[in-house]
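One structure is given here, and the rest of the page talks about it.
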Amino acid sequence: MFAQFFGAFLLNNQLVSPETLAQAIDDKKNTRMRLGVLAINAGLMTADQVEHVNVAQQSVDKRFGDLCVDLGYLTSADVDRLLSEQPTDYLLLGQTLVNNGSLSNADFESAISAYKAKYQLSDDDISNNQNDKLSAIVKDFFHFNTAENARIYTEYVTLLFKNIIRFIGDDFTPLESCMVSEAEAEYIVCQTIHGKYNAEICLACPSAEYIAFAERFAKEELSEVDEYTNEIVGEFLNVNNGLFVVNESNQLGIELSLDPQTYIHNGSVKYGNKAFCIPVAFAFGEVEFFISIT
Amino acid sequence: MEFKDIRILLCDDSMFARKKLRMFFSSLGIVNIFEAADGEEAVEKYKENKPDLVFMDIVMPKLTGIDALKAIKEFDKDAKVVMASSVGTQSHLKQAIVLGAYDFVQKPIDDAQVEKIIRNAMK
């Protein structure tokens, strides 16, 4: 999930365009990490030093790592350690953007440093997928800090993104949220959680995205929106909400219930209290999640 | 008892959820599979088909899975009803245990867990 929010960070800081980011997300599965980016990320080399080695490599027939050692930038142990580490997803995204020329090594250095500083992230946090750090990013990114029920919004949306990665795919970028009093779309699926508090949750999008989302969850091809497609998308919402309700019960002893899902075609849902609209840009298009907790 | 002999009733309001479980049951070689799309239908189909094992969702229209479990156990105290739901909260678990549920499966369903439950029920 750190990769998706790193993508959003690059987008929000206008370091990449939405099209470039979408292409890089698609390409990163074929990307191989290079030592320069790994060394910059680890804080062992600056972008200038990496460029220096790149230039030096043009006139000397040596491997990048050996040259780094010769020039005194890295030790052999550094090279071995960096090359043996499993690359994290956000690094693959960064490497892809460096490879296709969208970011220079210097751009990557400043972006990764600013991203880590903004959310106080260490490499260990990222490698271990630290839940509290993920929640902190979600809370800050979607401006839940000032919302009433900030904890619930944060927990819910953090779980939602984990389940999107688990069931739909990791090729998405969360976009800036906004507050709305109405959700309107070609297709909307809603489910209400009720008990100590009430949460109205909707997923909304046009038909092409609705079908693509359902296809990803069901792992089968669908040609049109029918009752079966509705139920697939509804089941995603039901599974996610169920897991949230179970977490609340197990961790905090809060007992909540779920209502059956409702489906709307070419219509809208009005919220008494304003809802957070959380758009998510997938490779197949944009899907919006609406969440109102009272 | 073997997989080809067991009779299973599958109760879920989601056609998609039923299809997924039915496909898994079929892959095991189970052929006697009955379906119900709500709690009321689940009770009717139980009385009609007397299955060896029931997989029951909780959040369903007309009659919830918990109410359907209660009705089925009143009809047949030996009924083996597995609650298969997305809402495995402490209170639902307690309710299901008190009412005599055979087991509980949290959605998304883990095929290995379901197979183990079926094998135990066949003993």
Side-chain angles (χ1 to χ4, degrees), chain A residues 159-160 162-168 189-196 199 201 210-211 213-222 225-263, chain B residues 10-24 26-27 35-42 55-69 82-99 101 103-111 113-114:
Chain A
L159 179 71
L160 174 66
K162 284 182 182 173
N163 284 328
I164 288 174
I165 290 174
R166 182 175 172 192
F167 298 117
I168 309 299
V189 182
C190 296
Q191 189 169 41
T192 302
I193 298 173
H194 55 82
K196 189 177 173 187
I201 295 125
Y210 197 71
I211 292 170
F213 191 93
E215 285 183 328
R216 291 272 190 103
F217 185 61
K219 295 185 178 66
E220 61 183 278
E221 279 187 26
L222 303 162
V225 178
D226 55 14
E227 193 187 345
Y228 184 62
T229 312
N230 276 334
E231 288 193 0
I232 293 169
V233 180
E235 187 64 10
F236 168 82
L237 210 55
N238 187 49
V239 166
N240 180 71
N241 292 343
L243 291 170
F244 175 75
V245 164
V246 170
N247 286 350
E248 290 285 274
S249 169
N250 290 345
Q251 291 164 16
L252 299 169
I254 298 173
E255 290 297 322
L256 300 162
S257 301
L258 292 181
D259 285 345
Q261 306 89 317
T262 54
Y263 303 93
Chain B
L10 188 47
C11 317
D12 199 307
D13 58 329
S14 163
M15 199 194 310
F16 168 65
R18 293 200 306 273
K19 182 181 170 185
K20 283 283 174 196
L21 264 179
R22 175 182 270 275
M23 281 169 64
F24 178 64
S26 298
S27 75
E35 292 187 18
D38 60 60
E40 267 182 23
E41 196 183 355
F55 281 85
M56 179 87 75
D57 186 20
I58 290 182
V59 181
M60 287 193 291
K62 295 187 184 173
L63 200 64
T64 70
I66 294 284
D67 291 332
L69 163 68
V82 179
M83 307 311 287
S85 174
S86 61
V87 279
T89 62
Q90 299 295 329
S91 67
H92 279 137
L93 285 172
K94 275 182 206 162
Q95 265 183 302
I97 291 165
V98 168
L99 290 170
D103 212 328
F104 200 104
V105 180
Q106 171 73 36
K107 285 185 183 177
I109 284 173
D110 173 11
D111 290 347
Q113 188 189 359
V114 168

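Sequence lines set the chain letters: A, B, ... in the order given, protein chains first and strands last, and positions in each chain run from 1. The figures here come from the full heavy-atom set of this structure, side chains too, leaving out hydrogens, waters and symmetry mates.
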Interface moiety of [X] toward chain B, non-hydrogen atoms closer than 4.5 Å:
X	value
A:Glu248	neither
A:Phe244	neither
A:Asn163	neither

Between B:Met60, B:Lys20, B:Lys19, the one whose heavy-atom pairs under 4.5 Å with chain A are most numerous:
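Of the candidates given, the most pairs with chain A belong to B:Lys19.
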
Chain B: which of A:Ser257, A:Ala218, A:Gly242 shares the most heavy-atom pairs with it under 4.5 Å?
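Ranked by contacts with chain B, first place is A:Gly242.
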
Any donor-acceptor pair under 3.5 Å from B:Glu40 side chain to B:Lys62 backbone
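Checked: no pair found.
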
Indicate the ring-plane relationship of A:Phe236 and A:Phe217, choosing parallel, tilted or perpendicular according to the 30° and 60° boundaries.
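A:Phe236 and A:Phe217: perpendicular rings.
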
A:Ile201 versus A:Asn241, closest heavy-atom pair with distance:
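Residues A:Ile201 and A:Asn241, closest heavy atoms: CD1-OD1, 3.9 Å.
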
If you measure from CZ on B:Phe104 to NE2 on B:His92, what distance do you get to the nearest 0.5 Å?
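B:Phe104 CZ to B:His92 NE2: 7.5 Å, rounded to 0.5 Å.
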
So, are B:Lys107 and B:Asp57 salt-bridged, with charged N and O less than 4.0 Å apart?
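Salt bridge between B:Lys107 and B:Asp57, a charged N being under 4.0 Å from a carboxylate O: yes.
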
